[in-house]
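Here's the structure we're looking at; comments come further down.
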Amino acid sequence: MNSVRVLVRQAASSTIRRSIVPRRAIHASPASKSDALFVHRDTPDNNAKIPFEFNTENKKRIEEIVKKYPPQYKKAAIMPLLDLGQRQHGFTSLSVMNEVARLLEVPPMRVYEVATFYTMYNRQPVGKYFLQLCTTTPCQLGGCGSTKILDTITEQLKIQPGETTKDGLFTLVEVECAGACVNAPVMAINDDYYEDLTPETTKKLLDNLQDGKPIKAGPQSGRHTCEPAPGVYTTLNEEPYGPGFKVRSDL
């Protein structure tokens with residue numbers, strides 16, 4: 001009798017093992033982490049106890065901005081007021097956000113939501129020159145490629161993306177599509193674009209900034225804007241066809 005029970009148990013155990021579906025390993029690419037946190041962490045230079053008030057000039061600008069919106073929709077001015085605060089204070093601190101919320105009579109959370117969504121608002125201090133290098137596919141493929149530009153910057157400034165130089169002069173970040181693909185590679189320095197970059201022109205830009213010399217925005221290749229440069233930035237190598245190309249003559 002015992003031997004029968006043993007056989008039944010073994011058969012049942014074997015059936016259960018066969019019915020269990022083995023786990024399938026699912027491949028996932030590594031998480032890409034942002035340079036900034038979406039949550040706030042108090043620091044000595046960024047906390048609610050640090051007072052902030054718009055200066056007289058910006059108060060006048062705020063009055064003009066708010067006039068553009070109906071009284072019940074003053075919250076629509078959150079973005080331009082945050083931009084003013086960042087330009088005055090150097091970055092969009094918690095105190096700046098709280099002051100914008102107070103002026104527009106909205107809950108602070110409404111302002112936090114905007115500031116954490118748009119990457120144009122720097123919620124941590126940045127250097128005097130804010131370098132935003134586009135490393136999206138067109139800039140990686142255009143010209144010499146943004147990878148060489150990134151290597152040039154990190155080698156010269158001794159910082160990595162998301163870091164600031166010890167002298168507080170430069171902050172470097174990677175950004176997604178700057179919208180100037182025809183002039184790739186592209187880097188924004190503060191409010192201006194510097195395009196058609198090469199390792200040599202990039203180094204010259206950084207040298208001039210370090211020496212306090214002026215730099216010229218726009219293409220660094222000699223182009224005025226994004227006009228084709230014969231043999232370099234165009235695929236038009238012959239006379240273009242005119243009107244009526246491949247159209248029936250009897251139409």
Side-chain angles (χ1 to χ4, degrees), residues 26-38 83 86 91-92 115-210 213-238 240:
I26 299 177
H27 175 75
S29 40
S32 179
K33 298 181 180 179
S34 170
D35 292 328
L37 293 173
F38 283 98
D83 183 63
Q86 176 166 282
F91 70 104
T92 305
T116 55
F117 182 83
Y118 293 100
T119 56
M120 63 183 282
Y121 301 116
N122 302 312
R123 294 184 297 106
Q124 299 296 331
V126 297
K128 179 180 179 181
Y129 300 111
F130 187 43
L131 313 180
Q132 301 176 77
L133 177 65
C134 178
T135 54
T136 316
T137 305
C139 273
Q140 289 181 334
L141 299 177
C144 66
S146 57
T147 300
K148 289 186 178 180
I149 306 302
L150 180 61
D151 291 342
T152 300
I153 297 171
T154 55
E155 181 179 347
Q156 178 158 344
L157 300 182
K158 310 302 181 186
I159 56 173
Q160 295 299 317
E163 296 179 349
T164 301
T165 54
K166 294 180 180 179
D167 58 5
L169 203 58
F170 297 96
T171 295
L172 171 65
V173 296
E174 294 183 64
V175 296
E176 297 299 320
C177 194
C181 308
V182 72
N183 289 40
V186 178
M187 175 172 63
I189 303 178
N190 295 345
D191 290 333
D192 296 317
Y193 274 15
Y194 297 82
E195 307 155 338
D196 293 342
L197 294 173
T198 64
E200 294 74 24
T201 56
T202 301
K203 188 177 185 305
K204 184 178 179 180
L205 285 172
L206 297 177
D207 286 339
N208 287 338
L209 290 174
Q210 288 174 320
K213 297 179 181 178
I215 56 176
K216 183 181 179 181
Q220 304 299 301
S221 60
R223 288 199 290 178
H224 294 289
T225 54
C226 57
E227 74 279 4
V232 182
Y233 294 105
T234 182
T235 57
L236 187 62
N237 298 318
E238 57 186 19

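Residue numbers run from 1 in the order of the sequence given.
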### Query
Passes side-chain contact (heavy atoms from CB on, under 4.5 Å), F170 versus L206? Steps please.
CA-CA 9 Å; F170 297 96; L206 297 177; 4.0 Å; yes

N/O donor-acceptor pair under 3.5 Å between [X] side chain and [Y] backbone:
{"X": "T171", "Y": "V126", "value": "no"}
{"X": "Q220", "Y": "G218", "value": "yes"}
{"X": "Y193", "Y": "A178", "value": "yes"}
{"X": "T202", "Y": "I149", "value": "no"}
{"X": "N183", "Y": "D196", "value": "no"}
{"X": "Q210", "Y": "L169", "value": "no"}
{"X": "T152", "Y": "K148", "value": "yes"}

Indicate the atoms forming the closest heavy-atom contact of [X] with [Y], along with that distance.
{"X": "S146", "Y": "C134", "value": "CB-O, 3.3 Å"}
{"X": "A217", "Y": "Y194", "value": "CA-CE2, 3.3 Å"}
{"X": "A184", "Y": "P138", "value": "CB-O, 3.7 Å"}
{"X": "N122", "Y": "Q86", "value": "N-OE1, 2.6 Å"}

What distance separates [X] [atom1] from [Y] [atom2], expressed to the nearest 0.5 Å?
{"X": "I159", "Y": "L131", "atom1": "CD1", "atom2": "CG", "answer": "6.5 Å"}
{"X": "L209", "Y": "K204", "atom1": "CG", "atom2": "NZ", "answer": "12.5 Å"}
{"X": "Q156", "Y": "L205", "atom1": "CD", "atom2": "CG", "answer": "10.0 Å"}
{"X": "T92", "Y": "R123", "atom1": "OG1", "atom2": "CZ", "answer": "9.0 Å"}
{"X": "D83", "Y": "Y121", "atom1": "CG", "atom2": "OH", "answer": "6.0 Å"}
{"X": "D192", "Y": "K216", "atom1": "CG", "atom2": "NZ", "answer": "12.5 Å"}

### Task
Could you please spell out the steps behind the side-chain contact (heavy atoms from CB on, under 4.5 Å) verdict for M187 and I153?
CA-CA 11 Å; M187 175 172 63; I153 297 171; 3.5 Å; yes

#### Entry: Sub-4.5 Å side-chain heavy-atom contact between L150 and P161
yes

### Message
Against T135, only a single residue in E174, E176, Q140 fulfils side chain to side chain donor-acceptor pair (under 3.5 Å); can you say which?
### Response
E174

### Task
Just do the side-chain contact (heavy atoms from CB on, under 4.5 Å) check on I189 and I215 with the steps written out, would you?
CA-CA 10 Å; I189 303 178; I215 56 176; 4.2 Å; yes

